[in-house]
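Worksheet: the structure to be examined is printed underneath.
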Amino acid sequence: MLLARLARVSQEVAATSARSRKTALLAELFRDADADDVPIVIPYLAGRLPQGRLGIGWKLLSGPVPAAIEPSLTVRDVDARLTEVGAVTGAGSQAERRRLMDELRAAATEDEQRFLSGLLTGEVRQGALDAVAVEGLAEATGAPAADVRRAVMLAGSLQTVAQALLADGPGALDDFRLTVGRPVLPMLAHSATSVSEAVEKLGACAVEEKLDGIRVQLHRDGDDVRIYTRTLDDITDRLPELTSVAMELKGTRFILDGEVIALDEDGRPRSFQETAGRVGSRVDVATAARSVPVSPVFFDALSVDGRDLLDLPFAERHAELARLVPEPMRVRRALAHGPEDIPPARRFLAETLERGHEGVVVKALDAPYSAGRRGASWLKVKPVHTLDLVVLAAEWGHGRRTGKLSNLHLGARAADGSFAMLGKTFKGMTDAMLAWQTERLQELAVEDSGHVVTVRPELVVEIAYDGLQKSTRYPAGVTLRFARVVRYREDKTPAEADTVETLLAAHPEVAP
DNA sequence: TTCCGACAGTGGGGTCGCAAT
DNA sequence: ATTGCGACCCCACTATCGGAA
């Protein structure tokens, strides 16, 4: 298949907002694709590369290269050339990669160049990722969409399912079963604002500690242990202590779902930054493991002794987990049978926070494991802090926010009367707020670099955030975690905004 | 007709690894 | 040694489509 065809379809998909039309366009494309094209076409459409990380970013794509007039590149050509670029390492590699990329871009037409840049910098934005592609694939092959979706969850990737489907037809879906050693997309949680809201919604449920660590899926098949992240990357080599744990558990064939977290001597959680740094270290793992050991905490069992547990109710899966994993390695939990158990569930949340954890996840006891979905049967509850901060600047938005001032620079009052920047946020804004702030901030503008509009610090905005973390980037030495806009406070003056001092006092554990 | 679940988009900060400076 | 880039951890929230109620 020609890259030009892919680029054109991608543009057409982006141009329509109707999901049914997107699905139809993709179905048509899949019908025309060779089975060999599919492992490339599918990830390209979702803005991914089959090779995973290639080390090609905006820097390598900068500068104009004359475009070809006639399309000649096939998707397989492009894939092979990108593999070649990714394989270049060592001294002088930057220049060689540059040369190869310029060569590739010169072989592409203008439309193809645009698609390639989008692909390599993560800006495909056509309003169709894997979920829409699943629908398109079902339409193209006549397989039921639900069956395709399930096969994708179990295979952990759409492209392998697509390839099998297009080569062998709907019957190929039967080959995708839960397999120990092959990662499954993990189930995710929605948010709830309170424990009572979550319990009322779910009925009989477990209230479990939410640990601020790294999600892991642990597979053991005899002597073979594999560990995967939320995005199904294999991190087995980075967590030797988890492999030891897997070998000591009672069963010999299982898939468990859990979290790893670094704890201090008292069993209190270390900061997320420490856990993430540890899990991210892959060069000298032994040293990293000595200075920041991590502990696993499991909360679900997907497969035990060759039995697929995904469709069992959570209560039964947890019983299997309890058979395999001793108490200290299972997440702490409390059971709630209905609204009458809301008070003890609230106490459990309070105790969890007291122990230094993030919050709780409330899980319906009768729900199956919805792999790869943000199931409504898991609800997380975390405390929210708010602050009144001053807008110092704003950045021009991209994509659907083009022409709108989007990303706000936030400041708190410092001791000397100036404002100390604490971070940025683009979250929580409605379209109406975006329109309003674009107008208002331009009235307050003192400078526009084309990217950042600096304003007089006069506008107060209420910001919600999850906590404070250390920062080397911002002057106060701290930054807000997951900051989002709640509302503008036109009733407040900058002199009434919160101060750095009170913020640090509220979070003594991270104060510099 | 209204409601609601699922999805995509919009990017945030931090840390690590690697190559270049 | 330091800096810049890319990858990948964590993540909240809104808008929209289209099926369910």
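Here is how names work: the chains are called A, B, and so on, in the same order as the sequence lines, proteins then strands, and each is numbered from 1.
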Between A:Gly397 and A:Gly277, which is nearer to the 5' end of DNA chain B once each is assigned its nearest nucleotide?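 Here A:Gly397 is the residue nearer the 5' end.
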
Give the rounded distance in Å between these two atoms: [atom1] of [X] and [atom2] of [N].
X: A:Ile261; N: C:dC9; atom1: CD1; atom2: P; answer: 17 Å
X: A:Leu232; N: C:dC9; atom1: CG; atom2: C1'; answer: 14 Å
X: A:Glu462; N: C:dC13; atom1: CD; atom2: C1'; answer: 15 Å
X: A:Lys470; N: B:dT15; atom1: NZ; atom2: P; answer: 10 Å

Of all of residues 476-485 of chain A, which get a heavy atom below 4.0 angstrom from DNA chain C, listed by number?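 Heavy-atom contacts with DNA chain C come from A:Arg481, A:Phe482, A:Arg484.
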
Any base atoms under 4.0 Å from [X], or only sugar-phosphate, or nothing? Heavy atoms, all strands.
X: A:Ala464; answer: nothing
X: A:Val132; answer: sugar-phosphate
X: A:Lys382; answer: sugar-phosphate
X: A:Thr425; answer: nothing
X: A:Lys201; answer: nothing

Using a 3.5 Å limit for the pairing distances, which stems of at least 3 consecutive Watson-Crick or G-U wobble pairs does DNA chain C take part in?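 Output for stems: B:1-6 with C:16-21, B:8-21 with C:1-14.
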
A:Arg182 charged N/C atom sitting above A:Tyr228 aromatic ring, 6.0 Å / 45°: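 Relative to the ring axis of A:Tyr228, which defines the angle, A:Arg182 lies outside at least one limit.
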
Is A:Lys363 close enough and on-axis enough to A:Phe299, meaning under 6.0 Å and within 45°, for cation-pi?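 Flagged: A:Lys363 positioned over aromatic ring of A:Phe299.
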
The side chain of A:Arg19 lies closest to which of these nucleotides: C:dG6, B:dG11, B:dC7?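 Given the options C:dG6, B:dG11, B:dC7, the side chain of A:Arg19 is closest to B:dC7.
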
Taking the side chain of A:His190 as heavy atoms from C-beta outward, which of C:dC10, B:dA6, B:dC18 is closest to it?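 Within the option list, the nearest is B:dA6.
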
Strictly below 4.0 Å, heavy-atom distances to any atom of DNA chain B: list the hits from residues 285-300 of chain A, or just say none.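 By residue number: none to list.
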
Kindly say whether the aromatic ring centers of A:His409 and A:Tyr474 come within a distance under 6.0 Å.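 Not under 6.0 Å, so no.
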
